[in-house]
Amino acid sequence: MTKPYLSIMDKYMSLAETSYYFLHQGGGFNCGSACALPVVKSTLLNTTWHSPNPVSDGFIGINPDEKEIYVTWTGTRRIRTVIADSVAIFADYPKEAEGSQVHVGFYEITRAAYPHIVKNIVAAATDYPDHNIIFIGHSLGGASAVLSALMFAHDNEYMKDRVRVWTFGEPRVGNRRFVEYYTQILGNQTYRVTYKADIVPHIPPWQVLGYQHHPLEIHIINENGDFYVCQNTVREDLDGAYRWPTIDTGVADHINYFGKPEIVHFDPLIEW
């Protein structure tokens, strides 16, 4: 039973890894070992974005074989700085959900790029009406995947049912009210993958202003790929990533989702 699910998770993490190579090497799918994977080889590059301030990078790809459109956000090399600098500052979002607040740094990064890419997403979704729209991200890219998917679902409600969200090592994005609202809109279409003692899903800490994770968490327990599908919806499951005391977490597991992203072959893109 677990093997098909692991293959699906590996597929989307491979696309997230591709964005790291793509960002570093400056264009095209020149992405090392990731490019050898069938899902990447069969993906057609639609467009890219590179926002200098705030920093944001990613690509949109179309895969006719999988019948999927990929909106892939690159993680950041400065995740600690981004989180620490604005951990106590919330942005009120979305406005229609009273009391909903999100991390202002994550919000500003996503909001800066979203207007430039939404037209491409809509155009691709219109040209390929039988394709699902998959928002993907590792690390900080996971936060942007979640926020951009929500923005897209809000702006294009007639396409909402085609949206899927896959994140890996995603930090907490907002408060409890945000989680409640997000769960109502995209909770059944979102998969938040965590791996062992990865530190990033533990931050920002829930103790600070009520940060909280959204469902559905799939927690990979060990190197063999055994995983636990968390049952709680609007509260973090104690058998998920939260089983690890924060003091026992670290960066090593953050860069080891199915052995990805494989950053040892070029300048580190994740600095702690």
Side-chain angles (χ1 to χ4, degrees), residues 9 12-13 15-16 19 49 54 56-58 60 69-76 79 82-83 86-87 90-97 100-115 117-118 121 132-157 159-194 198 200-204 206 210-219 230 233-236 240-241 254 257:
M9 287 187 271
Y12 293 125
M13 184 59 217
L15 289 158
S19 69
W49 69 89
S56 169
D57 300 89
I60 297 172
I69 298 164
Y70 304 126
V71 183
T72 306
W73 293 79
T74 305
T76 179
I79 188 166
V82 171
I83 291 175
S86 48
V87 67
F90 277 107
D92 293 327
Y93 177 80
K95 299 297 185 183
E96 60 269 22
S100 175
Q101 295 182 310
V102 298
H103 185 285
V104 70
F106 303 161
Y107 177 68
E108 292 297 338
I109 287 170
T110 309
R111 188 177 69 166
Y114 177 75
I117 65 175
V118 64
I121 303 172
N132 282 334
I133 308 160
I134 319 296
F135 291 78
I136 303 168
H138 169 259
S139 191
L140 182 58
S144 287
V146 163
L147 289 170
S148 61
L150 186 58
M151 292 174 185
F152 183 82
H154 178 270
D155 295 343
N156 303 275
E157 189 171 355
M159 293 187 184
K160 183 177 77 71
D161 290 344
R162 296 167 60 186
V163 171
R164 304 290 184 272
V165 185
W166 281 87
T167 73
F168 301 84
E170 173 198 334
R172 294 184 178 103
V173 175
N175 64 3
R176 181 183 178 90
R177 180 66 186 106
F178 170 76
V179 169
E180 291 172 343
Y181 181 81
Y182 182 87
T183 302
Q184 177 185 343
I185 304 300
L186 290 174
N188 292 331
Q189 297 154 244
T190 299
Y191 307 89
R192 180 173 59 83
V193 182
T194 58
D198 178 2
V200 175
H202 289 256
I203 53 179
W206 65 267
Y211 279 99
Q212 190 167 323
H213 270 305
H214 61 79
L216 173 76
E217 181 186 3
I218 303 172
H219 182 63
C230 298
T233 54
V234 190
R235 182 175 64 83
E236 295 182 37
H254 188 58
Y257 283 75

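Residue numbers count from 1 along this sequence.
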Notebook entry, point to check: Can you find a side-chain donor-acceptor pair between Tyr12 and Thr72 that sits under 3.5 Å?
Noted result: no
Next item on the list: Give the intermediate values and the outcome of side-chain contact (heavy atoms from CB on, under 4.5 Å) for residues Leu186 and Val163.
Entry: CA-CA 8 Å; Leu186 290 174; Val163 171; 4.0 Å; yes
Checklist line | Electrostatic pair Glu108-Arg111, nearest N-O below 4.0 angstrom | finding: yes
So [Y] and [X], do their side chains get closer than 4.5 Å, heavy atoms only?
X      : Y      : value
Val193 : Thr167 : no
Ser144 : Tyr114 : no
Arg177 : Gln101 : no

Next item on the list: State the CE-CG distance between Met151 and Asn156, to the nearest 0.5 angstrom.
Entry: 13.0 Å
Next item on the list: Could you tell me the separation between the CZ atom of Arg162 and the CD1 atom of Ile133, rounded to the nearest 0.5 Å?
Entry: 4.5 Å
Margin query: Does the plane of the ring in Phe135 sit parallel, tilted or perpendicular to the ring in Phe152? Use 30° and 60° as the thresholds.
Written below: tilted
Check: Using the ring of each side chain (for Trp, its six-membered ring), is Tyr257 parallel, tilted or perpendicular to His254, with breaks at 30° and 60°?
Finding: perpendicular
Check: Hey, is the main chain of Lys160 close enough, under 3.5 Å, to the side chain of Gln189 for a donor-acceptor pair?
Finding: yes
Next item on the list: With side-chain hydrogen bond (donor to acceptor under 3.5 Å, both in side chains) as the test, would you mind laying out the steps for Trp73 and Ser56 before giving the verdict?
Entry: CA-CA 8 Å; Trp73 293 79; Ser56 169; over 6 Å; no
Item checked: Identified side-chain contact (heavy atoms from CB on, under 4.5 Å) partner of His214 from the options Val146, Leu150, Val165 -> Val146
Margin query: Does Phe106 form a ring-ring contact (aromatic ring centres under 6.0 Å, His included) with Tyr93? I'd like the steps, not just the answer.
Written below: CA-CA 11 Å; Phe106 303 161; Tyr93 177 80; over 10 Å; no
Item checked: Residues Glu217, Tyr191; criterion side-chain hydrogen bond (donor to acceptor under 3.5 Å, both in side chains); working and verdict -> CA-CA 6 Å; Glu217 181 186 3; Tyr191 307 89; over 6 Å; no
